[in-house]
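Following: one structure in structure tokens, then a few remarks.
A, B, ... follow the sequence lines: proteins, then strands. Residue 1 opens every chain. Fair warning: this is a prediction, and the values are worked out from it, not measured in the lab.
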Number of protein chains: 2
Amino acid sequence: MKGIRRLAQQLDISIGTVSRALNGKPDVNEQTRARVLEAAAAMGYVPNQAGRSLREGSTKAIGFTIESGADTAGNGDNFFLGVIDGVQAAFSRHHLDLVVLPCSTEEDPSQYLRRMVARGMVDGMIISATHRRDARIELLANARLPFVALGRSGTPGPHPWIDLDFEGVVNRGVDRLVAKGHRRIAVGLPSNDINLGFVFFEGYKAALARHGIPFDPALIIRAGSSEQGGYQIAHELLNLPERPTAVILIYEMMAIGLYRRLNEAGVRPGRDIAVIGFREGPQSRFLSPPLTCFRLSLRDLGVALGESLLASMPAYAEIYPQGLVRRIWPLELVPGESDDFIIPR
Amino acid sequence: MKGIRRLAQQLDISIGTVSRALNGKPDVNEQTRARVLEAAAAMGYVPNQAGRSLREGSTKAIGFTIESGADTAGNGDNFFLGVIDGVQAAFSRHHLDLVVLPCSTEEDPSQYLRRMVARGMVDGMIISATHRRDARIELLANARLPFVALGRSGTPGPHPWIDLDFEGVVNRGVDRLVAKGHRRIAVGLPSNDINLGFVFFEGYKAALARHGIPFDPALIIRAGSSEQGGYQIAHELLNLPERPTAVILIYEMMAIGLYRRLNEAGVRPGRDIAVIGFREGPQSRFLSPPLTCFRLSLRDLGVALGESLLASMPAYAEIYPQGLVRRIWPLELVPGESDDFIIPR
DNA sequence: GCATGTCCCGTAAACGTTTACGACGATACT
DNA sequence: AGTATCGTCGTAAACGTTTACGGGACATGC
């Protein structure tokens with residue numbers, strides 16, 4: 001005899017009453033409820049989730065899919081740990097647990113997500129690293145599983161998302177560089193079709209146009225999102241026939257590899273070339289010279305993500321009346337010295 | 001009508017036969033099995049995990065608990081991303097899925113683990129960041145849930161673990177420094193009672209004794225595991241009345257903050273003080289001067305962790321006849337220039 | 001012809017919950 | 001007194017799956 005039955009037997013009450021007592025239902029004597037709660041605590045009873053979710057159709061857990069594999073992590077250090085902490089903060093008050101579902105580098109993200117949805121383990125899903133056309137979004141919509149995406153997508157059909165303000169980053173970056181006389185501004189983009197690459201690219205072209213600078217495809221350098229990617233960007237950039245005087249990066253880790261390659265070539269950021277990095281990290285302050293980059297609160301972003309998901313879950317919609325969330329998350333410029341390089345007129 | 005019932009109805013077979021066909025049981029006609037499999041694929045049937053695990057008592061998923069919170073992460077999140085990738089590689093061939101369970105900074109890890117175990121969501125557990133006396137180990141043992149710990153523990157009772165070779169790290173570090181004439185060697189340790197701090201500490205004292213160097217408690221500097229911790233270590237180290245000539249760190253991220261503080265003080269690693277860091281990361285090669293540190297394959301470590309857990313799960317024990325795994329994971333020295341500082345005799 | 005065995009399949013119970021429904025006694029109201 | 005209301009509780013069905021059990025059809029051996 002296990003679970004709620006044992007509890008009921010020990011208290012000599014019916015299992016229905018025990019269940020109602022534990023779940024705070026009204027039609028139970030407060031005195032017996034106290035007895036039940038006390039006994040439950042005493043014998044360390046915890047409801048079996050399988051039984052509960054079989055009956056309920058809900059699991060009180062939500063999933064957060066990320067991509068595993070250290071070498072593919074473009075937003076290094078602790079981007080996800082920070083965001084996750086915020087998501088948990090948003091969910092904890094509703095007694096929802098967060099499970100992180102890492103998609104192996106060897107598996108297709110859509111296939112993986114399909115499996116995880118089918119598991120019926122979660123009541124909602126947060127997906128990250130959205131692509132230009134992302135099959136996962138249609139998949140989640142078809143499964144009618146509430147979800148929110150960390151990152152926009154070109155996939156048709158409305159869906160909630162929160163995305164970083166890449167336009168703002170590239171706009172302020174270009175403005176800042178143009179003000180210092182730069183006109184040949186390179187940009188390091190991801191090599192795959194992740195959506196932020198498109199957003200960044202479009203923002204870049206628009207910013208150039210705003211300043212009347214012609215667009216040169218040679219200045220678009222695509223590489224992996226990691227430190228190696230940054231190294232490769234610097235490498236290609238140095239080999240360009242007409243070397244750019246500035247570069248804007250789209251991933252946090254790129255700056256490290258870029259600095260390394262520039263260093264090897266004797267090209268010093270801030271003196272011989274202007275560099276604007278992406279997200280501030282523990283190392284950006286230490287890079288020499290300090291990197292001009294952008295700051296955001298990972299925890300706040302996580303909280304916003306969590307609340308957006310809650311808003312799209314029927315059971316919590318009235319508590320979070322935000323409707324369908326589509327939100328651009330701002331980043332704050334952190335001036336360093338890596339873009340001190342000024343072009344004399 | 002949903003699930004296996006719908007499938008059975010559509011095929012006009014009983015649900016028992018459908019289940020047997022899907023699960024590869026022998027007593028089913030191969031022709032009908034083919035029909036069932038085809039129909040299942042056609043209508044995208046996937047078994048409901050709640051129903052299955054309620055009946056089976058198993059979920060085909062294993063958990064990996066980590067601590068969330070960006071500021072508490074001494075080994076950035078690519079540490080876990082790398083390990084996770086290896087764990088998944090070990091599990092994928094058995095169709096076991098990995099779910100990462102991040103314990104919020106605001107919750108007690110034991111309480112959290114208790115909740116997660118009670119969820120009945122996983123068939124096994126990998127725990128990390130083991131403490132000197134870790135209540136989670138007794139908890140898992142009592143729950144009879146197979147588990148393996150990433151990190152040793154002083155908790156009584158045998159349990160499987162894999163841990164990094166902290167003794168080897170501190171031994172080789174001290175040897176290397178002593179060979180260069182150092183005798184006042186500081187060490188940066190974690191401020192909490194995480195077990196690796198004890199192991200490192202004991203190894204440090206043993207290494208000193210081996211070289212006949214008296215132990216000076218003032219050279220033990222405890223700080224957080226993050227970049228800020230490294231900054232604080234450098235700060236305290238610089239203020240010591242008799243300044244050490246060398247320092248060994250225990251966390252990857254500490255090196256960055258330590259360099260920063262040393263830089264502020266005009267003390268250059270490799271010239272004015274010898275520094276040996278812990279794990280090699282994207283930034284360690286770039287730090288100026290390059291950091292002497294240690295390398296390990298995160299993926300291989302993850303594979304070993306996964307296989308150790310499989311070995312302790314009854315259902316897989318005969319495939320992985322390793323018994324109770326207790327394993328010290330080696331690290332490879334990566335010489336840099338940060339410990340080039342030689343003490344003249 | 002009968003016992004035995006084999007192959008395939010249907011039936012029903014069980015896993016641990018939650019909840020709709022009804023029952024019971026006590027109280028209040030007409 | 002009869003009836004309606006209320007508070008409290010027990011009963012049983014349902015969620016979707018797996019599997020022990022048994023039965024029917026057919027073949028084989030005596």
Handout entry: Whether H94(B) and Y320(B) hold their rings parallel, tilted or perpendicular, with breakpoints at 30° and 60°
Key = perpendicular

Problem - Nearest heavy atoms of R326(A) and P158(A), plus distance in Å - result: NH2-CB, 3.1 Å

Practice task
Would you mind building the protein contact string for nucleotides 8-15 of chain D? One character per nucleotide, 5' to 3', B for base within reach (heavy atoms under 4.0 Å), S for sugar-phosphate only, - for untouched.
Solution key: BBBB-BBB

Practice task
State, yes or no, whether a side-chain contact exists between P109(B) and T65(B) at a heavy-atom distance under 4.5 Å.
Solution key: no

Problem - Note, R33(A) side chain near R20(A) side chain (heavy atom, < 4.5 Å) - result: no

Problem - Separation of atom CD in Q49(B) from atom C1' in dT17(D), rounded to whole Å - result: 10 Å

Problem - Short side-chain N/O contact from R52(B) to OP1 or OP2 of dT18(D), under 4.0 Å - result: yes

Handout entry: Distance in angstrom units between R6(B) CZ and dT17(D) P, rounded
Key = 11 Å

Handout entry: Phosphate contact (dT17(D) OP1 or OP2) by S19(B) side-chain N/O below 4.0 Å
Key = no

Exercise for the section: Verify the distance criterion only: is there a donor paired with an acceptor across the side chains of D123(B) and T59(B) at less than 3.5 Å? Expected result: yes

Exercise for the section: Output yes when at least one side-chain N/O atom of Y45(A) is less than 4.0 Å from OP1 or OP2 of dT17(C), else no. Expected result: yes

Exercise for the section: For the residue pair T32(B) and N29(B), confirm or rule out a side-chain donor-acceptor distance under 3.5 Å. Expected result: no

Problem - Test item: L164(B) and L196(B) side chains (from C-beta on) under 4.5 Å apart, heavy atoms - result: no

Problem - Donor-acceptor side-chain pairing of N195(B) and H131(B) below 3.5 angstrom - result: no

Exercise for the section: Quickly work out the N23(A) CG to dG16(C) P distance and round it to whole Å. Expected result: 17 Å

Problem - Nucleic acid contacts of residues 112-121 of chain A, taken as heavy-atom distances under 4.0 Å to DNA chain D - result: none

